[in-house]
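Worth knowing before you read on, the calculation uses all heavy atoms, side chains too, and leaves out hydrogens, waters and symmetry mates. Keep in mind that this is a model prediction, so the values were computed, not measured.
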Amino acid sequence: MSTLDAARNAGQSMSLKSWAMLVLLGAIWGGSFFFARVAVAEIPPLTLVLFRVALAAIALHVYLAARGLSFRLALPYAAGFFLLALLNNVIPFSLIFAGQTELGAGLASVLNATTPFWTALLANSLTTDEKLTWNKVAGILLGIAGTAIMIGPGLVAGLGGPVWAKFALVGASVSYAFALMVAKRFKGVPPTVVATAQLTASTVIMLPVVLAVSGDEDLFSAGGHVWAAVAGLALVSTAFAYILYFRLIADAGATNASLVTLIVPVSAILLGTAFLGERLEPVEILGMAVIAAGLVTIDGRLFGGMTRRS
């Protein structure tokens, strides 16, 4: 994206349709933590990763065929897509699902929402077109403070789940940040093809891993309600979410689409509270508030005039 395009998208206002898509996408991605929390009760984390990426890949291949888009566009970039699959699916999904064996859906989603902070740090170091600004620096500091508030008490007394599970979620966010750096290589490939190639590569990676670690016994022994959660995770929170996200970017621009990170934790918290009986500790609620303030600051909308003048 050129500087002119970035400036245009930054100042672009969203239509009612775009706002509706943004809210829906936030609810869907928040739901992924809800679905995962249900599924990991009976399906091991690595196996759940395989089911998620495989079912989503199949769904997106069907979508490509229906739209007349060729998957062959991805073949020249096969090696890059396998790296993207590791960083954007295999590693973070495994860490997230492992962490969710001990953490609630709301807290897991908030830790995942720190991705923009790690992305900004990496982009400043590894790219020439995404340098830090004053609002990004302030937002990063707020985000790190918010994460420390939530993890800090656990370092002392193990409140709200084990420390390793919280660091697993933070590790997933860092992996997502590296994935965004890799994804910049595929600017000439249609986004739906990128998503399909990434999920296909993830399936190829995870299948032998799961068979080696868990074997094929009891692979499909989970209960019906768990399979419903797996289907929701793969088809709604992965395959459909990608399609919706790319449409939102096309309609409203990438900057506006990034606001979804503010909605995902709220959605996950509401779902966890409503359906899983979860309760967040006051210190975790405080951490969420600080992270939310950091995300708003990074977005820069409250300080648009100052950002444009700088």
Side-chain angles (χ1 to χ4, degrees), residues 1-6 8-9 12 17-18 21-22 24-25 28-29 32 49-94 115-116 119 122-123 126-130 172 175-210 231 233-258 260-261:
M1 181 182 294
S2 67
T3 302
L4 180 59
D5 290 337
R8 186 182 296 115
N9 284 337
Q12 180 179 342
K17 176 184 175 182
S18 293
M21 285 196 295
L22 184 74
L24 177 59
L25 182 60
I28 289 172
W29 273 340
S32 69
V49 173
L50 173 61
F51 287 145
R52 177 177 186 175
V53 297
L55 291 176
I58 292 170
L60 284 175
H61 274 288
V62 171
Y63 176 78
L64 287 182
R67 294 295 303 272
L69 294 173
S70 176
F71 183 70
R72 288 178 294 181
L73 294 172
L75 297 182
Y77 307 95
F81 282 122
F82 273 95
L83 177 59
L84 185 63
L86 282 171
L87 294 172
N88 211 31
N89 289 153
V90 175
I91 293 174
F93 287 176
S94 299
T115 299
T119 302
L122 286 175
L126 302 178
T127 70
T128 58
D129 58 342
E130 297 185 35
S175 185
Y176 281 134
F178 276 105
L180 286 170
M181 301 300 102
V182 175
K184 292 169 71 71
R185 303 178 183 179
F186 309 120
K187 292 182 179 179
V189 183
T192 48
V193 175
V194 173
T196 306
Q198 168 192 274
L199 290 167
T200 301
S202 297
T203 303
V204 172
I205 294 171
M206 288 304 303
L207 183 59
V209 171
V210 170
L233 182 65
L235 303 180
V236 179
S237 296
T238 305
F240 177 67
Y242 271 120
I243 296 171
L244 187 64
Y245 184 55
F246 296 136
R247 287 180 178 174
L248 180 60
I249 291 173
D251 289 351
T255 301
N256 288 328
S258 70
V260 71
T261 57

Asker: Could you list the residues that satisfy side-chain hydrogen bond (donor to acceptor under 3.5 Å, both in side chains) with Ser237, not counting sequence neighbours?
Answerer: none
Asker: Working to the nearest 0.5 Å, report the span between CD1 of Ile205 and CG of Leu50.
Answerer: 11.5 Å
Asker: Ignoring hydrogens and angles, write down the donor-acceptor pairs under 3.5 Å from the side chains of residues 63-72, residues two or more places apart or on other chains.
Answerer:
| unit_1 | atom_1 | unit_2 | atom_2 | d |
| --- | --- | --- | --- | --- |
| Tyr63 | OH | Arg67 | NH1 | 2.7 |
| Ser70 | OG | Arg72 | N | 3.2 |
| Ser70 | OG | Arg72 | NE | 3.3 |

Asker: Sequence neighbours left out, what passes side-chain contact (heavy atoms from CB on, under 4.5 Å) with Leu126? Give chain and number order.
Answerer: Leu122, Met181
Asker: Would you say Ser32's side chain and Trp29's backbone share a donor-acceptor pair under 3.5 angstrom?
Answerer: yes
Asker: Using the test side-chain contact (heavy atoms from CB on, under 4.5 Å), find all partners of Pro191 that sit at least two apart in sequence or belong to another chain.
Answerer: Phe246
Asker: Counting only heavy atoms not in Phe178 (residues, nucleotides, ligands), do more than 12 fall under 6.0 Å from its CZ?
Answerer: no
Asker: Are Val209 and Val49 close enough that some pair of their side-chain heavy atoms sits under 4.5 Å apart?
Answerer: no
Asker: With sequence neighbours left out, write down each residue that passes ring pair (Phe, Tyr, Trp, His ring centres under 6.0 Å) with Phe186, or none if nothing qualifies.
Answerer: Tyr77, Phe81
Asker: Out of curiosity, Ile28 CD1 to Leu233 CG, how far, rounded to the nearest 0.5 Å?
Answerer: 12.0 Å
Asker: Without swapping roles, check the side chain of Thr203 against the backbone of Leu199 for a donor-acceptor pair under 3.5 Å.
Answerer: yes
Asker: Could you tell me the separation between the OG1 atom of Thr200 and the CD1 atom of Ile58, rounded to the nearest 0.5 Å?
Answerer: 9.0 Å
Asker: If you look only at distance, which donor and acceptor atoms sit under 3.5 Å apart when one is on a side chain in residues 85-93 and the other is two or more places apart or in another chain?
Answerer:
| unit_1 | atom_1 | unit_2 | atom_2 | d |
| --- | --- | --- | --- | --- |
| Asn88 | ND2 | Gln198 | OE1 | 2.7 |
| Asn89 | OD1 | Gln198 | NE2 | 3.2 |
| Asn89 | OD1 | Ser202 | OG | 2.9 |

Asker: List the residues meeting side-chain hydrogen bond (donor to acceptor under 3.5 Å, both in side chains) with Thr196, not counting sequence neighbours, and say none if there are none.
Answerer: none
